[in-house]
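Computed from heavy atoms alone, side chains included, the values below leave out hydrogens, waters and symmetry copies.
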Amino acid sequence: MTVQMLSGSKAIGLSLITATLAAIAAIGLQGLRWQQVINQETEPVQEERRLELQLALLDQLPSLGFDNAIASWTFLQYLQYFGDEAARDQTGCRLNFAYLDQVTQRDPRFFTAYTFVPGGVSYCQGEPLKSVELLDRGLESISPDIDEQAFVLALLEALDRFLLLGDVPGAIHAYEQAADLAAETDSYADFASYYRQTAQWLRDNPDSLRARFIGWQEVYFNATDESVKERAISELENLGAQVIRQDDGSVEFRPPSQQDLNPSPRNNEGSD
């Protein structure tokens, strides 16, 4: 009986190894096909197509118990892809969702990866609904017990819904969720009343200049990409806000039109 069990384990192991080798072989075959078009396109387009193929094959690759390691490796590949500004100027950033989807499927608790979602998927790729899809995945998987900054994911979703999708009820719900999550922590409990107040402003006035001012401030202070920071500054200036750059590199935003706004809890932080 023990022999039979061992034989069964070996069979399972062999099948997993076979599946992995098949995936690797497929990558090799696709590489040969890749060479057929390599001289027909500009270099950034070649690289974009190669990475797209790599992601498609990675999606079919069995984890063999190494999902977290695969997620970390894929995230590093994503940082290299997204950080290549010259290539993104030519090809755009249409693979952002594919990368971050793969990372967060493999490791749904990978908090840092989610912080790149709005900048990469909403603002660069122009897909705020897909951004919300990924942020919801994070909110389902990460509690304050796992990471005290779980509330940030709800905040990022609130900003996507309010500023980009015009979904005021969804934004109100997300702000309240951010407040509830922050209230469960020792470090960020003071933020809870601020997010509840923002939700109430949206209820009272869905077109609130105050809420938009605060929203774009939060986009700036939570951005992981300089282009998103510049977008936030541009939107704030369009609202009539004054942008003050301090000698130490930090940035302060003064509200437009003498509005009586309370400063954001993050207002005294410098850039990331």
Is a side-chain donor or acceptor of [X] paired with a backbone partner of [Y] at a separation under 3.5 angstrom?
{"X": "Arg161", "Y": "Val132", "value": "no"}
{"X": "Thr198", "Y": "Tyr194", "value": "yes"}
{"X": "Tyr114", "Y": "Leu153", "value": "no"}
{"X": "Ser234", "Y": "Glu230", "value": "no"}
{"X": "Gln125", "Y": "Phe97", "value": "yes"}

Would Glu48 and Arg94 count as a side chain to side chain contact (heavy atoms under 4.5 Å, CB included) if you check the C-alpha gap in whole Å, the side-chain angles of each, and the deciding distance to 0.1 Å? CA-CA 9 Å; Glu48 181 94 351; Arg94 65 186 181 88; 3.3 Å; yes
Could you tell me if the side chain of [Y] sits less than 4.5 Å from the side chain of [X], heavy atoms only?
{"X": "Asp207", "Y": "Arg212", "answer": "yes"}
{"X": "Leu202", "Y": "Phe162", "answer": "yes"}
{"X": "Ile172", "Y": "Pro169", "answer": "no"}

If you round to the nearest 0.5 Å, how far is [atom2] of [Y] from [atom1] of [X]?
{"X": "Leu155", "Y": "Asp160", "atom1": "CG", "atom2": "CG", "result": "10.0 Å"}
{"X": "Thr74", "Y": "Gln77", "atom1": "OG1", "atom2": "CD", "result": "7.5 Å"}
{"X": "Leu134", "Y": "Leu129", "atom1": "CG", "atom2": "CG", "result": "11.5 Å"}
{"X": "Leu61", "Y": "Leu57", "atom1": "CG", "atom2": "CG", "result": "8.5 Å"}
{"X": "Arg231", "Y": "Leu236", "atom1": "CZ", "atom2": "CG", "result": "11.0 Å"}
{"X": "Phe66", "Y": "Asn68", "atom1": "CZ", "atom2": "CG", "result": "11.0 Å"}

Show your reasoning for whether side chain to side chain contact (heavy atoms under 4.5 Å, CB included) applies to Ile142 and Phe110. CA-CA 9 Å; Ile142 304 174; Phe110 197 154; over 6 Å; no
Pair Asp101-Arg137, salt bridge (charged side-chain N to carboxylate O under 4.0 Å, His left out): steps then yes or no: CA-CA 10 Å; Asp101 182 45; Arg137 180 181 295 164; 2.9 Å; yes
Indicate the atoms forming the closest heavy-atom contact of [X] with [Y], along with that distance.
{"X": "Phe213", "Y": "Pro256", "value": "CD1-CD, 3.7 Å"}
{"X": "Gly92", "Y": "Tyr81", "value": "O-OH, 3.8 Å"}
{"X": "Gly120", "Y": "Asn96", "value": "O-ND2, 2.7 Å"}
{"X": "Glu148", "Y": "Asp186", "value": "OE2-N, 3.4 Å"}
{"X": "Ala150", "Y": "Leu139", "value": "O-CD2, 3.9 Å"}
{"X": "Pro144", "Y": "Thr185", "value": "CB-CG2, 3.9 Å"}

Assess whether ring pair (Phe, Tyr, Trp, His ring centres under 6.0 Å) is satisfied between Phe253 and Tyr220, documenting all intermediate values. CA-CA 10 Å; Phe253 301 104; Tyr220 178 87; 5.2 Å; yes
CD of Gln80: more than 12 outside heavy atoms within 6.0 angstrom? no
Might you confirm whether atom CG of Asp247 has over 12 heavy atoms from other residues, nucleotides or ligands at distances under 6.0 Å? no
Take Trp201 and Ile214 through the test side chain to side chain contact (heavy atoms under 4.5 Å, CB included) and record every step on the way to the result. CA-CA 11 Å; Trp201 286 335; Ile214 291 173; 2.8 Å; yes
Less than 4.0 Å between a side-chain N and a carboxylate O, is that true for Glu52 and Arg49? no
Verify same cluster id: Val168, Leu165 (apolar side-chain graph, 4.5 Å): no
Determine, using the 4.5 Å side-chain heavy-atom cutoff (strictly less than), whether Phe111 and Leu181 are members of one ILVMFWY cluster. yes
Side chain to side chain contact (heavy atoms under 4.5 Å, CB included) involving Asp84 - partner list, sequence neighbours excluded: Ala86, Ala87, Arg88
Partner residues of Asp180 under the side chain to side chain contact (heavy atoms under 4.5 Å, CB included) criterion, sequence neighbours left out: Arg196
Step by step, work out the side chain to side chain contact (heavy atoms under 4.5 Å, CB included) result for Val228 and Val219. CA-CA 8 Å; Val228 177; Val219 169; 3.8 Å; yes
List the steps, then state whether ring pair (Phe, Tyr, Trp, His ring centres under 6.0 Å) holds for Phe75 with Phe116. CA-CA 10 Å; Phe75 183 62; Phe116 284 79; 5.4 Å; yes
Distance-only donor-acceptor check, side chains Gln102 and Arg106, under 3.5 Å: yes
Return the orientation label for the Tyr195 and Phe191 ring planes: parallel under 30°, perpendicular over 60°, tilted otherwise. perpendicular
